[in-house]
Amino acid sequence: LMAFTSAWGPPQHRWKPSPMMRPLHTTTAPTMGLGGAPASPHFASCMQRYMYFSSWFMTCNSYFLRIFVPVKEELRMEGLHRLRQKYGLGEARALYELVMQQRFNLSRNDILLGKDTTLSAKDKAELQIILDRMADGEPVQYVLGYEEFCGRMYMVNSNVLIPRPETQQLVRLVVQNVAVGDSVLDIGTGSGCIAITLSLLGFKTTAFDVSKEALDVAKQNAKRLGAEVCFECENILQPKSYSKHWKAIVSNPPYICVSEANEMDDNVFCHEPHLALFVPDDDPLLFYRAIAEFGCKCIENDGWLFFEVNR
């Protein structure tokens, strides 16, 4: 991508770059990142076209253009203005691009070309609602209704935790240590992202959750993605007796002490389910102990127990 201009006509009418947009290099043709000739001290003759660009601008993936050539329609929207006030320029623009891509199928290049200003009246109204919800602190994943996990999109809402990238490491550990085709139990499945991913990789998976609302979300995800998972409503703190045994148990249980709530971001504390987040201050290992005790009865010989843990 390059910002360019043509210098036509008499010198007094030729375009002059402002100090903030003065190019680092000047060349007479695109060089595909191979560098340019030193900047000329004179403007081009009336029939010569100069291309102004900088390697910094290209390396930063269009950030230069997005700062100095803002979309006017974007800046007039109160929702986006509030978004920038809450998250700062960089994160606000990243969120805006994510919304454009996932909800309106517009790429970053489309935004740079101003296609986000040609939305229909219906789409503009929807966009304003989305921006307002995010400006009020609601996570973008809940606003859009989906989040990616291990290369697949999962439906999410306020009944389930938003899948985190670090939780993908649990899946990797299972794949590295357990044979495909073995049985795996996911305790506290939430959106079902762990159990569904393992099922689609060839494992026989069962998933527990104490929340019926969370299980509804997980079942919808499994159906949409074509995964075979046995879902059961189960309170692991008071589990039923099971004769079945699993080769591995995997869990991302609640592990944040209530006293740590003031350290959390508002968009997490105010919107994600506390049932899946918090444990009592006087018993932070409550779920780890309960799952370990359950595992002693229900894991096969030479089986595995995989946990996500707090910092």
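All of these numbers come straight from a predicted model, not from anything done at the bench.
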Start with the C-alpha gap between I256 and V279, add the side-chain angles, then the distance that decides, and say whether side-chain contact (heavy atoms from CB on, under 4.5 Å) holds.
-> CA-CA 6 Å; I256 301 174; V279 290; 5.9 Å; no
Does the salt bridge (Lys or Arg N to Asp or Glu O under 4.0 Å) test come out yes or no for D136 and R82, once each step is laid out?
-> CA-CA 9 Å; D136 288 336; R82 292 174 56 209; 2.4 Å; yes
Check against side-chain contact (heavy atoms from CB on, under 4.5 Å), L170 and I194 = CA-CA 8 Å; L170 278 177; I194 295 175; 4.0 Å; yes
Give the C-alpha distance, both sets of side-chain angles, the deciding distance and a yes or no for side-chain contact (heavy atoms from CB on, under 4.5 Å) between F269 and L277.
-> CA-CA 9 Å; F269 179 79; L277 289 172; over 6 Å; no
Walk me through it: do Q101 and L106 pass the test side-chain contact (heavy atoms from CB on, under 4.5 Å)?
-> CA-CA 5 Å; Q101 179 181 1; L106 293 178; over 6 Å; no
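Each ring pair (Phe, Tyr, Trp, His ring centres under 6.0 Å) pair with one or both residues in residues 102-139, not counting sequence neighbours, would appear here, but there are none. Applying the ring pair (Phe, Tyr, Trp, His ring centres under 6.0 Å) definition to pairs two or more places apart or across chains, none involves residues 158-194. Among residue pairs with one or both ends in residues 250-276, those qualifying as salt bridge (Lys or Arg N to Asp or Glu O under 4.0 Å) are R164-E272, E260-R311, E263-R311; sequence neighbours excluded.
Residue K122 qualifies as open at atom NZ: its count of foreign heavy atoms under 6.0 Å is 12 or below. Other residues, nucleotides and ligands contribute only 12 or fewer heavy atoms inside 6.0 Å of the NZ atom of K204. Within a 6.0 Å radius of CG in N262, other residues, nucleotides and ligands contribute more than 12 heavy atoms.
In this structure, F149 is not a member of the same hydrophobic cluster as L144, with clusters built from ILVMFWY side-chain heavy atoms closer than 4.5 Å. Under the 4.5 Å side-chain contact rule for hydrophobic residues, V140 and I111 share a cluster. Grouping the Ile, Leu, Val, Met, Phe, Trp and Tyr side chains by contacts below 4.5 angstrom, directly or via other members, places L200 with F231. A continuous path of hydrophobic side-chain contacts links V171 to F203 [ILVMFWY only; heavy atoms under 4.5 Å]. Clustering ILVMFWY residues whenever any of their side-chain heavy atoms sit less than 4.5 angstrom apart, transitively, puts I130 in a cluster other than the one holding Y142.
Remark: K115 engages D110 in a salt bridge (Lys or Arg N to Asp or Glu O under 4.0 Å) (not counting sequence neighbours). Remark: D302 engages no residue in a side chain to side chain donor-acceptor pair (under 3.5 Å) (not counting sequence neighbours). In this structure, the salt bridge (Lys or Arg N to Asp or Glu O under 4.0 Å) partners of E138, at least two apart in sequence or on a different chain, are R133. With sequence neighbours excluded, the residues that form a side-chain contact (heavy atoms from CB on, under 4.5 Å) with K212 are C233.
Here V210 sits in one hydrophobic cluster together with L275; the rule is ILVMFWY side chains under 4.5 Å apart, joined directly or through other members.
Taking all atoms of both residues into account, the shortest heavy-atom contact from A92 to Y87 is N-CB, 4.3 Å. Minimum interatomic distance between Y288 and V309 (heavy atoms only, all atoms of both residues): OH-CA, 3.2 Å. Of all the heavy atoms in A195 and D186, the pair that sits closest is N-OD2, 3.6 Å. Here the shortest heavy-atom pairing between T117 and K124 reads O-NZ, 3.6 Å. Between A222 and I196, the shortest heavy-atom distance links the atoms N-CD1, 3.4 Å.
Distance alone, capped at 3.5 Å, is enough to place a donor-acceptor pair between the Q168 side chain and the P165 backbone. Proximity of a side-chain donor or acceptor of H245 to a complementary backbone N or O of N301 within less than 3.5 Å is not detected.
A donor-acceptor pair shorter than 3.5 Å cannot be found between the side chains of D209 and T189. Between the side chains of E232 and Y242, at least one donor N or O sits under 3.5 Å from an acceptor N or O. Using modelled atom types, one finds a donor on one side chain and an acceptor on the other under 3.5 Å when comparing Y154 with T197.
Note that the NZ atom of K86 and the CD atom of E91 stand 10.0 Å from one another [nearest 0.5 Å]. For the atom pair C150 SG and L201 CG, the distance stands at 7.5 Å (nearest 0.5 Å). Going from atom CG of L98 over to atom CZ of R108 covers 11.0 Å, rounded to the nearest 0.5 Å. Rounded to the nearest 0.5 angstrom, C257 SG and D283 CG are separated by 9.0 Å. With values rounded to the nearest 0.5 angstrom, L215 atom CG is found 10.5 Å from F208 atom CZ. Residue M134 holds its CE atom at 12.5 Å from CD1 of I129, rounded to the nearest 0.5 Å.
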Show me the donor-acceptor pairs within less than 3.5 Å that the side chains of residues 248-255 make with the rest of the protein, sequence neighbours left out.
unit_1: S251; atom_1: OG; unit_2: I187; atom_2: O; d: 2.9
unit_1: Y255; atom_1: OH; unit_2: E308; atom_2: OE2; d: 3.2

Under 3.5 Å donor-acceptor pairs involving side-chain atoms of residues 223-230, not counting sequence neighbours:
unit_1: R224; atom_1: NH1; unit_2: M153; atom_2: O; d: 3.3
unit_1: R224; atom_1: NH2; unit_2: M153; atom_2: O; d: 2.5
unit_1: R224; atom_1: NH2; unit_2: N221; atom_2: OD1; d: 3.2

Side chains of residues 155-162: which donor-acceptor partners sit under 3.5 Å, not counting sequence neighbours?
unit_1: N157; atom_1: OD1; unit_2: N159; atom_2: N; d: 2.9
unit_1: N157; atom_1: OD1; unit_2: N159; atom_2: ND2; d: 3.4

Report all side-chain donor-acceptor pairs from residues 175-185 shorter than 3.5 Å, counting only partners two or more places apart or in another chain.
unit_1: N177; atom_1: ND2; unit_2: L173; atom_2: O; d: 2.7
unit_1: S183; atom_1: OG; unit_2: K247; atom_2: N; d: 3.2

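Ring geometry for H274 versus F278: interplanar angle over 60°, hence perpendicular rather than tilted (30 to 60°). In this structure, W246 and F294 have tilted ring planes: the angle between them lies in the 30° to 60° band.
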